[in-house]
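Letters go in sequence order (proteins before strands), and every chain restarts at 1. None of the values given here were measured: they were computed from a predicted structure.
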Number of protein chains: 2
Amino acid sequence: MTDQNGAVSVEQIVEKVWLSIAERRLRPGVQLKEEQMAAIFNVSRARIRQALATLQRDGLVMIIPNRGAFVSKPSVEEARDVFFVRRTVERCVVERLCKGISKADTKRLREHVAKERIANADDITTDIIKLSGGFHLLLAETTGSDFLFATMRDLIARSSLITAVYRNTNRFNCGPDEHAEIVEAIVTNDVDKATRLMAHHLEHVESELDLTEIRDLSHDLRAALA
Amino acid sequence: MTDQNGAVSVEQIVEKVWLSIAERRLRPGVQLKEEQMAAIFNVSRARIRQALATLQRDGLVMIIPNRGAFVSKPSVEEARDVFFVRRTVERCVVERLCKGISKADTKRLREHVAKERIANADDITTDIIKLSGGFHLLLAETTGSDFLFATMRDLIARSSLITAVYRNTNRFNCGPDEHAEIVEAIVTNDVDKATRLMAHHLEHVESELDLTEIRDLSHDLRAALA
DNA sequence: TCATTCCATATTGTTGACAATTCTGCAATC
DNA sequence: GATTGCAGAATTGTCAACAATATGGAATGA
């Protein structure tokens, strides 16, 4: 949590908030007050502001001038959008990877899936959330394309928020088994199978969301009427 | 340039730098010193830092801790990546728009193309650059998808930088004629034609870049050797 | 002559205080 | 009883000074 100097870095603050949102401990609409957060993390407000700006970039919080930062409240349309774009972008990712993947990358992917299995077996929610998003991020990183990676970073962050808001079931079925299948299809350069599995996987994840109604987990009247 | 109080907003600083990069007046590798910029815009360093953070998010500058902010130097691979992703994302955009577009949106698109024609006729470089990127951005905005819009915003910003670095010709052939054709294909709901025209248009833009060699427009020895 | 060390300078990073804005509770008014 | 106006409190926005770090060149020694 702290580095050599006992201070918390911006990245650590961002990750902490990100996880709190993904774990539903921070609900959409809640205001993230700077001074309050500065006290919690024991850093100056400037660093908190920097973290909030990053979280805004990632679409997790919404900053209103002179009002403050609030946990984002994605609409059903936005949720569908994110999955729509994910389908196309992740298809690109898989197609690229099927053109050939190094031994080292294969190893990294398999090891990641192994970690996911362990987290699932031990039922450690924090790890499950981090690793299941991390898998898709790792795929993008493996393509070697900085831009694909950056795009997926955005998509995964927003997906976490959407999952937190609209998830129906309590279990995370974006599980290691489907991930493992995708990896194996990629290492055998089977483009058709890999893209089909990825498409199916994303449909599966989306199907576990209830995207029929607007969920309002907050009690902020102002936001509800805006 | 200035608001009521005579101060320059963060957004204005970002746009100014963005344009300077697109117009090749700020070259890749050049360091953007905070104090220097604060003096130029007559604001405090804090505001400059905020603007630099935004520019980093857009991929236009690279911030190295304890070293400073430098105008990004996209590699040939990164350049190809951006156009690769643009082809898929803009295809999505066009497909969506072909499903139906309102009268008001049609009007906005046609008016935008008209503005582009005027800028081209009058040969106002600043307007040409802003409007030709703005066209693609307007298409994304018209889909109504916040995420598609945000993604295109990123892509256009990076494309501007890439064009500035790797452009061969002096003329901007991302001209209004091809844009006009795309708009007309969209308003007639001709998906095949619209996607074909968009693909061709992007190929055209990319073809005017020289993506065979690493261009180093800067004179910063350290950066050149890094 | 070349490599290395050290110090002065320049630049970024951080902090706490102050200014501007917004929110909240209460009282006065219709 | 509901609404408006106002003052105090809470919160965000801005700034300028200070601390930490990196840079570049001179001095030193092989």
Starting at CD of B:Glu35 and ending at P of D:dC15, how long is that distance when rounded to a whole Å?
14 Å

Is A:Arg87 paired with A:Glu206 through a side-chain N to carboxylate O contact shorter than 4.0 Å?
yes

Salt bridge present between A:Arg153 and A:Asp58 (N-O < 4.0 angstrom):
yes

Separation of A:Phe70 atom CZ from C:dC23 atom P, in whole Å?
8 Å

Taking only side-chain N and O atoms of A:Arg45, does any of them lie within less than 4.0 angstrom of OP1 or OP2 on D:dT12?
no

For B:Glu34 and C:dT11, what is the distance between atoms CD and C1' respectively, to the nearest whole Å?
8 Å

Among D:dC15, D:dA17, D:dT12, the nucleotide that comes nearest once only the side chain of B:Arg47 is considered
D:dC15

Can we call the ring centroids of B:His136 and B:His112 under 6.0 Å apart?
no

Separation of D:dG24 P from B:Gln31 CD (nearest whole Å):
9 Å

Does D:dT23 have its OP1 or OP2 closer than 4.0 Å to a side-chain nitrogen or oxygen of B:Arg67?
yes

Return the 5'-most residue of the pair A:Asn66, A:Gln50 with respect to DNA chain C, ranking by each residue's nearest nucleotide.
A:Gln50

Go through D:dT11, D:dT21, C:dT11 for me and flag the one nearest to the B:Lys33 side chain.
C:dT11

Could you tell me how far apart A:Gln36 (CD) and C:dC23 (P) are, to the nearest whole angstrom?
16 Å

Chi angles and distances behind the side-chain hydrogen bond (donor to acceptor under 3.5 Å, both in side chains) call for A:Glu23, A:Thr125
CA-CA 8 Å; A:Glu23 289 178 345; A:Thr125 310; over 6 Å; no

Given side-chain hydrogen bond (donor to acceptor under 3.5 Å, both in side chains), test A:Ser102 with A:Asp105 step by step and report yes or no.
CA-CA 5 Å; A:Ser102 73; A:Asp105 287 337; 3.2 Å; yes

Checking contacts here: which listed nucleotide (D:dT12, C:dT14, C:dT15) is nearest the side-chain heavy atoms of B:Arg49?
C:dT14

Without decimals, in angstroms, what is the distance between A:Gln56 CD and D:dT12 P?
14 Å

Could you tell me the separation between the CD1 atom of A:Ile48 and the C1' atom of C:dT14, rounded to a whole number of Å?
13 Å

Spacing between A:Ile63 atom CD1 and D:dT11 atom P, to the nearest angstrom:
17 Å

